[in-house]
Participant: 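This is the structure I want to talk about, given as structure tokens.
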Amino acid sequence: MRKVIKIFGIALAIALVTAACGGNGDTGTTEGDQATEDIQAGGTLKVALLSDVSAAFDPQKEYYSTTWGFYRCCLLRTLVSYPGLPGDEGGNELVPDLATGLPEVSEDGLTWTFQMKEGINYAPPFQDTEIVAQDIIRALERTADPEASANGYSFYYSIIEGFDEFSEGKADEISGLNAPDDHTLEITLTEPAGDLPFRMAMHTTAPIPEGAADGHVRDYGRYLVASGPYMFEGSEDLDFSKPADKQDPVAGYEPGKSITLVRNPSWDAETDEFRDAYVERIETTIGGTEEDIANKIDTGDIHINYDGVPPPQQLRKYQTDPELKDQVFAYPSDAVRYISFNVAEPPFDDVHIRRAVNFAIDKEGMRRLRGGPLFGEIANHVILNTLENDLNADFNPFPSDDSQGDPDAAMEEIKQSKYDTDQDGVCDAPECKQILAVTDEADPYPDQAALIQDNLKPLGIELDVKEFERTTMYDKCLDPSAHTAICLAPGWGKDYPDASTFAAPLFGAEGLGPDACCNYSLVGADAEYLKKYDYEVTDVPDVQDLIDECTPLTDEERIECWAEFDRHVTEEVVPWVPYLFDNNVDIVSSDVVNYTFDQFSGGAAFDHFGLVGGGEDS
Amino acid sequence: MSSAAAPGDVLDPTSVTTAGTQIEGRTPWQLFWRRFRQDKFAIAGCVFIVLMTLLAISAPWIADNLLHRGPNNLFIYDSLDEYGLPIGPTFEKMELEGELQHGFWFGADQAGRDLFIRVIYGARTSLFVALVATGIATIIGVTIGMIAGFYRGKIDTFLMRLTDVVLSLPILLLALGLSAACGLQKEGCLGGLIRPGLLLVSYIIGLFSWPYIARIIRGQVFSLREKEFVEAARAQGASNLRIMTREILPNVIAPIIVYTTLIIPINVIFEAALSFLGVGVPATTPSWGRMLSEASAIFEAAWWMMFFPGFFLFMTTLAFNLAGDGLRDALDPKTAK
């Protein structure tokens, strides 16, 4: 998913994590199973967010891991969902949620049928309304509406028959979606897609009751009708009988300030196999600095920082103190951190320059600036090892000792570049000076930028680094008219456990800015696009054929195809310097019991959190 | 003080009489120096400024020849621990990338750079920006003050209201906006007139700090233009321009020097503030303000990152203030203690 915000953890660290924290995670989940006895329900979980969610909780627009975490644990139920566990405990496997079981698929792979549970109602004010199949169709119709799903991920649903026609306004309904009765949903596809259940676990498909989103094309998130164990405080006061522009938004979400979740009285634990929902309330504050929040975690005023990273001094304190050590948790978050080249902007239009940079970057140093091995495993290719069954675990086309960079190999590449006119291994063309680089102004990115500049200087490549607030940074990287030559701070997490989520949005024409996301490298841009945005280069690498080749495959064949795609992109196209497969590192206050990591969102799973003594003490 | 014989100079009667029985003629320069050197604090300030300037000028030499590392060299493996936290100050030799080198006298920063080198390079930035900005402010301020004070009437009203407007602007906010607008694109703004970098910051600071000088100069000129020597010059047919530059300007040199010296520390702080807020000089240019901002996040674990840049910033502003006060006392006997 776009904009991975959290920083995370390790290679050997996985070993380390298993020893230090994984063990803890294990006991946590075991307790989780017997939980009802051991963990006292009740209390208020206090969460901190450094910044607000990206689209004010509008499910058709939120393409952000933190929001997905809130949806999954607390607010929204989907036909199938994830249990909120780490990957090695089944966190990547789908479980039925609103559906009674996993869907059945027809022999030709084109028709999928979901059976839904009966008697599940929405949160107030729709407490008397049952969730039915038509509500899922309503959500998908909203997903097809280009305005309501702006910057979302509607492209995942184009394979549904009639979806694009509806989207373009040529049809009144999506022909591939049928509800033969209230509790059956039939989905007809135009081509087989073995990953459809994963797509139906994303929250843009969560049911919307009739009338709730009407008139709220831009701001449905502030009128969101919940189906999960929690809802925004004050949801019962939403009045959908008034005209949309006369309605007051829900009190429990103040954009930029706070998110207050309370128990949803309609939620029945009997219908929900995997959410424990021990705590009574979840109060989230938005804003502040990591240091502030770290201090509050020390004192117990805040239980967890949900979108931030423990500052290094806090981490050192907890890691070196045996009494505090079991409050630190690190899990692979299934995200890659990378440096993205704009392959249409000199000097990075030259593959030799891009390769040289890949050789030159000190990846181990990049990791240490993030806090060391606890924060992840060094990455040498684009797609996560876990999504490729480790087929590329040893693949490293730009090797160096201890991953600290190989300046000599880098110079050899520079010599082959047209920008090295005297072929001495140092780029001497004016294109190599004052290169516009964009990065995040938050730690540790400015330091990483300094390291990158230090690594590239001997090659004659000089970056002019501009720092921005994170959202602006992503905009500058995505906007082709900004002509950002190199983007130093992006990260990408999986949308669901399939390698395809690392292909089309990142390297396909459908991910090109400024309207879509998140193809920062402009791989696959055509001549017309390049001309439109004033690029002198007329031809850039294209991998659309390879993407199309892998998409319909299934099982082993599919994984091998994506692994091959990964090798080709990493070594031949070279749009990135991948440097870290990230870990999520959390420090929780001592009041928290049963910390659990959710592999789906790459963050904590609040539905499994409990508080000491049911929160009585705090 | 080339204006030794300028008629406007007032001889301090007390200094003449207390000088002893033998009355000897002293140039204004001598008078100034006699008074100034008695101000120990001002002398100390000047000494610090001179040392600081020498250190700033020789920073590249120290980096290249003595320490063999620059302000932007990162020593991630030698000066950061496994959590990415920097090492503290050390005078012992240490191994850096396989070679034995001088230790990090001021410790390392959060990216593993030598804080000592960054602090002395930061002095270059601070002094450069402060001097250029103060130069700009002085030129604008003196010009506007002279014109307003000399011509009076509508011109004076207009220029002084302009000054009031600039004084009433929320300077920090405007500076933030300008830095953001002009600092983010390679092309800069105003058609490339203002480009990002050290000069941009200098212009911005300069553009906002001239009103103080303008007001003071206007006041001085106001009274000077009524003096007899100006009348005399006018009677001899001197042009306004000549009167302003030849007769009046030499007589306002003293306040110009004094207030320029006093504006410098304000501008040093201004640059630090802009850099602290992230809109100052580019990231690769070491700046005390930026160092302080970086230090605030890990103060608990690395006090030296805040202490050294903070100490130098404090000492620099203090030194300029002391020197400025001393100059004022020595040049303008009427305010003497």
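In what follows, chains are A, B, ... by sequence order, proteins preceding strands, each numbered from 1. All figures in this text were calculated on a predicted structure; none of them were measured in a lab.
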Participant: If you compare all heavy atoms of A:A449 against all heavy atoms of A:T439, which two are closest, and at what distance to 0.1 Å?
Facilitator: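 A:A449 and A:T439 have their closest heavy atoms at CB-CG2, 4.3 Å.
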Participant: Sort B:N72 into side chain, backbone, both or neither according to what part of it lies under 4.5 angstrom from a heavy atom of chain A.
Facilitator: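 Only the backbone of B:N72 comes within 4.5 Å of chain A.
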Participant: Mind ranking B:A111, B:A297, B:G84 by heavy-atom pairs under 4.5 Å with chain A and telling me who comes out on top?
Facilitator: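 Winner by heavy-atom pair count: B:A297.
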Participant: Between A:Q404, A:E364, A:K317, who has the most heavy-atom pairs with chain B when the cutoff is under 4.5 Å?
Facilitator: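 Max contact count across the listed options: A:Q404.
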Participant: Which answer fits A:P311, side chain, backbone, both or neither, if we ask what part of it has an atom under 4.5 Å from a heavy atom of chain B?
Facilitator: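 Answer is neither: A:P311 stays 4.5 Å or more from chain B.
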Participant: Sort A:Q314 into side chain, backbone, both or neither according to what part of it lies under 4.5 angstrom from a heavy atom of chain B.
Facilitator: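 Neither; nothing under 4.5 Å.
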Participant: Does any heavy atom of chain B fall under 4.5 Å from the side chain of A:L451, the backbone, both, or neither of them?
Facilitator: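 Looking at A:L451, backbone and side chain both touch chain B.
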Participant: Could you check B:F312, B:F308, B:W105 and say which one makes a ring pair (Phe, Tyr, Trp, His ring centres under 6.0 Å) with B:F116?
Facilitator: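 Considering B:F312, B:F308, B:W105, a ring pair (Phe, Tyr, Trp, His ring centres under 6.0 Å) with B:F116 is found only for B:W105.
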Participant: Does the side chain of A:Y445 come under 3.5 Å of the side chain of A:R470 through a donor N or O and an acceptor N or O?
Facilitator: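 The criterion, which ignores hydrogens and geometry beyond distance, is not satisfied for A:R470 and A:Y445.
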Participant: So does A:K296 pair up with A:D298, basic N to acidic O under 4.0 Å?
Facilitator: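 So A:K296 does not pair with A:D298 through a salt bridge.
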Participant: Pick one of side chain, backbone, both or neither for A:D402, based on which atoms fall under 4.5 Å of a heavy atom in chain B.
Facilitator: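 A:D402 has no heavy atom closer than 4.5 Å to chain B.
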Participant: For the atom pair CG (B:D114) and CG (B:D109), what is the distance rounded to the nearest 0.5 Å?
Facilitator: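 If I round to the nearest 0.5 Å, the distance is 9.0 Å.
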Participant: Does the plane of the ring in B:F104 sit parallel, tilted or perpendicular to the ring in B:F75? Use 30° and 60° as the thresholds.
Facilitator: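 Taking B:F75 first and then B:F104, their aromatic rings stand perpendicular (interplane angle over 60°).
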Participant: Is there a donor-acceptor contact under 3.5 Å linking the side chains of A:D362 and A:Y579?
Facilitator: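 No - no donor-acceptor pair under 3.5 Å links their side chains.
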Participant: If you check every heavy atom in residues 76-83 of chain B against those of chain A, which residues fall under 4.5 Å?
Facilitator: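 Checking residues 76-83 of chain B against chain A gives B:I76, B:Y77, B:L80, B:D81, B:E82, B:Y83.
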Participant: Between A:E441 and chain B, with a heavy-atom cut-off of 4.5 Å, which part of the residue counts as in contact: side chain, backbone, both or neither?
Facilitator: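 Nothing of A:E441, per the 4.5 Å heavy-atom cut-off to chain B.
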Participant: Would you mind checking if B:E271 and B:R124 are paired as a salt bridge, meaning a charged N to carboxylate O distance below 4.0 Å?
Facilitator: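 No.
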Participant: Do the ring planes of A:F398 and A:F359 sit parallel (below 30°), tilted (30 to 60°) or perpendicular (above 60°)?
Facilitator: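 Rings of A:F398 and A:F359: perpendicular, as their planes differ by over 60°.
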Participant: If you draw the axis of the six-membered ring of B:Y121, does the NZ or CZ of B:R118 fall within 45° of it and under 6.0 Å from the ring centre?
Facilitator: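 Pair B:R118/B:Y121 does not count as cation-pi.
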Participant: Of the listed residues (B:E294, B:R113, B:Q110), which shares the most heavy-atom pairs with chain A below a 4.5 Å separation?
Facilitator: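 Of B:E294, B:R113, B:Q110, B:Q110 has the most heavy-atom pairs under 4.5 Å with chain A.
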